[in-house]
Structures are given as C-alpha cells and as structure tokens.
Protein chains: 2
Amino acid sequence: MFIELNLQSDIPIYKQLTDQLVEGIASGILKAGQPLPSVRTLAADLGINLHTVNKAYQLLKQDGFLEIHRKQGVIVQPGNLPPSDQAFLDKLERDLRPLAAEAIARGTSQQELEQIIASLYERIQNPPSQGGASS
Amino acid sequence: MFIELNLQSDIPIYKQLTDQLVEGIASGILKAGQPLPSVRTLAADLGINLHTVNKAYQLLKQDGFLEIHRKQGVIVQPGNLPPSDQAFLDKLERDLRPLAAEAIARGTSQQELEQIIASLYERIQNPPSQGGASS
DNA sequence: TATCTGTTATACTATAAATATAACAAGTAA
DNA sequence: TTACTTGTTATATTTATAGTATAACAGATA
C-alpha cells in the first residue's frame with residue numbers, strides 16, 4: 001500500500017488512514033471494487049494495532065466509501081460513492097470557515113486561496129504515480 | 001461579546017474561542033488595539049473556566065493576533081497582524097488537503113468548492129452586524 | 001490599602017486515542 | 001472434519017488532551 005503514517009504527528013493515526021484512503025479513491029489509485037488489506041495485514045504492515053485500522057475502515061464504511069463483506073473482506077465502494085449532498089456541503093463549509101477566517105485576517109487574498117484549491121484539485125486528480133509500473 | 005459556545009460540540013471550547021476571535025478580527029468587528037475582556041470576566045460571562053479562556057488568549061498571543069500587557073490587559077494586535085507567509089500557506093494547504101480530497105471523491109466540482117470559499121469570504125468580510133447599533 | 005490584571009502551580013475528572021489479548025462466528029480451503 | 005482467515009466484539013490498560021477547581025504570586029491601578 002501507499003499509506004505513510006507519521007506516528008509523531010498530532011493528527012490521530014486513524015485520521016491519517018481515512019484521509020489517505022479517501023485521497024486514494026479521489027485520485028483513482030484505489031478503484032471501485034478493489035480489495036483492501038485485511039485489518040490484521042494492514043496493521044502489521046504499518047506497525048500499528050488492529051483496532052486502529054478497524055476504526056478507520058468502520059468510519060469509511062459508515063460514510064459509504066468502503067464495503068465490508070464476510071466473503072470478500074474490505075473493498076472500495078463498487079457502486080456509487082457517497083454524494084456531494086447538502087449535508088456534506090454544510091459540513092465542508094463549517095470546516096472551511098475557520099481556515100478562511102484566518103486567511104482573511106492574515107491578508108491572504110481570495111484568489112490566492114482559490115489557487116491553492118486549484119493546485120490541490122490538480123495534484124489529487126493527477127497524482128505522480130498514476131501510470132507507474134506496479135511493483 | 002459576540003462569542004457563542006456549543007458545550008456539546010466535539011470541537012474543544014478553546015478552539016471555538018480562538019476561531020471566533022480570529023473571525024472577529026478578520027471581519028473588522030474586533031479592531032486593532034481594542035481591549036478584550038479579562039480572562040476572569042470572559043470566563044464568567046461564558047460560564048467556563050478561567051484557564052480555558054487563558055489557553056485561547058495564549059494561543060492567539062503566540063500567533064500574533066493579540067497582545068497582552070500587565071497594564072492594558074488583553075488587546076487586539078495594534079500593529080501588524082501575522083502575515084500570510086509561506087509557513088501559513090503550507091499549513092493552510094495541509095489542512096485543506098483532506099477536505100479537497102473528500103470533495104473530489106464525492107464529485108464536488110472545483111467551481112462548487114470555490115463558490116463556498118467566495119461565499120465565506122463575502123460573509124466574513126461583510127458580517128450581518130457590522131453597522132448595527134451597539135447595545 | 002484594596003483591587004484587578006495576567007500568570008503559575010497543583011490536583012482532579014472525563015474523554016479520546018492507541019495498544020494488548022482474547023474470543024466468537026462466518027466463510028474458505030485443505 | 002479440520003485448519004485458517006475474515007470481520008467483529010469485549011475487556012483492560014496506558015497515554016495525552018480538555019476542562020475544571022483552588023490557590024497563590026507579582027505588577028499595575030485607584
């Protein structure tokens with residue numbers, strides 16, 4: 001897997017995990033229906049506990065990014081990904097608000113912030129290792 | 001003060017406090033050099049502990065949004081506010097990244113996200129109670 | 001002399017994050 | 001059947017953060 005954890009970060013491990021898995025889905029590196037490592041396997045690979053991986057998987061399952069079956073284990077959502085509905089847009093705005101406020105207070109222009117957004121969209125949708133050979 | 005806390009929120013009280021104070025500065029409702037309530041007064045007004053207010057003030061002092069003097073107490077930064085330097089832009093991008101990634105995964109368009117940003121900029125810089133009579 | 005300021009120290013409770021073991025039930029393959 | 005892996009659940013422990021509760025100190029003010 002492409003997961004890279006920073007165990008010294010103040011960002012919880014399970015959050016780093018969900019973030020990178022969602023970005024993997026957003027970038028297309030993780031494809032619909034693709035199987036993910038079992039909680040025990042991924043935990044061993046990353047050197048963390050089984051329950052931390054399980055927490056991340058459960059959260060992504062609740063949000064609709066993953067499906068979990070007895071038979072196939074954990075797979076990337078094979079059907080429709082969770083939508084960009086009003087509930088999500090509302091939450092997005094609540095999360096963005098303090099970031100925008102500090103940007104304004106510091107004099108960051110709206111264009112500057114939108115440029116960062118544009119850059120993120122470009123790099124997430126077109127990641128460095130898209131067509132790379134699979135090892 | 002205009003501070004409104006949600007004690008049931010999963011967002012820490014000190015974070016709600018710093019967020020709303022920064023937004024107050026960004027909006028111009030809090031003006032340069034303006035005195036803020038003492039830690040004891042604000043804590044009593046909000047029904048929270050002295051140390052929670054003090055933590056918020058200290059963080060904003062460290063970032064350069066506030067100054068604290070024995071004489072004048074706590075005041076809004078009377079000189080230059082902290083700049084939109086590369087360190088801040090880097091942190092801003094790190095904070096925005098997981099939000100952008102989920103937006104992409106859900107199919108939120110870049111224009112849609114930028115529209116939310118634009119709306120936030122407009123509402124923060126032009127708050128409802130700007131020219132309102134002070135009670 | 002009081003009083004208010006920020007500041008520091010100590011202690012306690014509650015919660016979240018992460019780990020460590022263990023066990024169970026469902027499915028798979030020998 | 002047996003053995004193994006799967007997700008899942010349960011329990012317990014450790015660590016760190018958040019918040020509160022008191023108390024006290026030093027500088028400034030009236």
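Below, read A as the first sequence line, B as the second, and so on, with proteins coming before strands; counting in each chain starts at 1.
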>> So, using salt bridge (Lys or Arg N to Asp or Glu O under 4.0 Å) as the criterion, who are the partners of B:K61 when residues are at least two apart?
In response: none

>> Once salt bridge (Lys or Arg N to Asp or Glu O under 4.0 Å) is applied, do any residues pair with B:E93, and if so which ones, sequence neighbours excluded?
In response: A:R123

Any N/O pairs under 3.5 Å between the protein and nucleotides 11-13 of chain D? List them or say none.
none

> Mind checking which nucleotides bracket the chain A contacts on DNA chain C, 5' to 3', with an atom under 4.0 Å from a heavy atom?
Replying inline: C:dA17 to C:dT28

>> So if I take residues 7-17 of chain B and measure heavy-atom distances to DNA chain D, which residues fall below 4.0 Å?
In response: B:P12, B:I13, B:Y14

>> Please give me every residue in residues 33-49 of chain A whose heavy atoms get under 4.0 Å of an atom in DNA chain C, ordered by residue number.
In response: A:R40, A:I48, A:N49

>> Near DNA chain C, counting only heavy atoms under 4.0 Å, which residues of residues 72-80 of chain B show up?
In response: B:V74

>> For B:R97, give me all partners under salt bridge (Lys or Arg N to Asp or Glu O under 4.0 Å), at least two apart in sequence or on another chain.
In response: A:E23

> Which dot-bracket notation, 5' to 3', represents the base pairing of DNA chain C when pairs are defined as Watson-Crick or G-U with both distances under 3.5 Å, crossing pairs as [ ], and inter-strand pairs as |?
Replying inline: ||||.|||||||||||||||||||.|||||

Would you list the atom pairs, donor with acceptor, under 3.5 Å between side chains in residues 45-52 of chain A and any protein atom, with sequence neighbours excluded?
residue: A:N49; atom: OD1; partner: A:H51; partner atom: N; Å: 2.8
residue: A:N49; atom: OD1; partner: A:H51; partner atom: ND1; Å: 2.9

> salt bridge (Lys or Arg N to Asp or Glu O under 4.0 Å): which pairs involve residues 113-122 of chain B, sequence neighbours left out?
Replying inline: none

> Who are the salt bridge (Lys or Arg N to Asp or Glu O under 4.0 Å) partners of B:D90, not counting sequence neighbours?
Replying inline: none

